[in-house]
Amino acid sequence: MPKMKSNSGALKRFKVKKNGSITRGSAFRSHILTKMTQKRKRALRGPQTVAATDATRVKRMLCQA
């Protein structure tokens, strides 16, 4: 049987941590940041975790499930 192929777009966007949670980047950080408050931009800075409802779908794309 052939090997499973992971989704190459998902590989670039998600990382699985040792405890099994998945980190992702924040949206709305690319351009038109002048109208956004500093507090909002700071909150978007760090890595976020994928919601539990989406985690199984993302793990399947990464061939982790």
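Please read these numbers as outputs of a predicted model, since none were measured by experiment. Below, each value reflects all heavy atoms present in this structure, side chains not excepted, and no hydrogens, waters or symmetry copies.
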Tell me whether the count of non-hydrogen atoms from other residues, nucleotides or ligands lying under 6.0 Å of [atom1] in [X] goes above 12.
X: Lys41; atom1: NZ; value: yes
X: Arg24; atom1: CZ; value: yes
X: Arg29; atom1: CZ; value: yes

When rounded to the nearest 0.5 angstrom, what is the spacing between [atom1] in [X] and [atom2] in [Y]?
X: Gln38; Y: Leu33; atom1: CD; atom2: CG; value: 9.5 Å
X: Phe28; Y: Leu44; atom1: CZ; atom2: CG; value: 8.5 Å
X: Phe14; Y: Lys59; atom1: CZ; atom2: NZ; value: 12.5 Å
X: Lys3; Y: Cys63; atom1: NZ; atom2: SG; value: 11.5 Å
X: Met61; Y: Arg13; atom1: CE; atom2: CZ; value: 9.5 Å
X: Ser6; Y: Leu11; atom1: OG; atom2: CG; value: 4.0 Å

### Query
Between Ala43 and Gln48, what is the shortest heavy-atom contact and its length?
O-NE2, 3.6 Å

### Message
Restricting to non-hydrogen atoms, name the atom on Asn19 and the atom on Ser21 that form the minimum distance, rounded to 0.1 Å.
### Response
OD1-OG, 2.8 Å

### Query
Taking only residues two or more places apart in sequence, or in another chain, which ones meet Thr56 in a side-chain hydrogen bond (donor to acceptor under 3.5 Å, both in side chains)?
none

### Query
Are the side chains of Lys17 and Thr23 in touch, meaning some heavy atoms are under 4.5 Å apart?
yes

### Query
Between Ile22 and Thr49, is a side chain to side chain contact (heavy atoms under 4.5 Å, CB included) present by the stated rule, with each step listed?
CA-CA 6 Å; Ile22 304 167; Thr49 56; over 6 Å; no

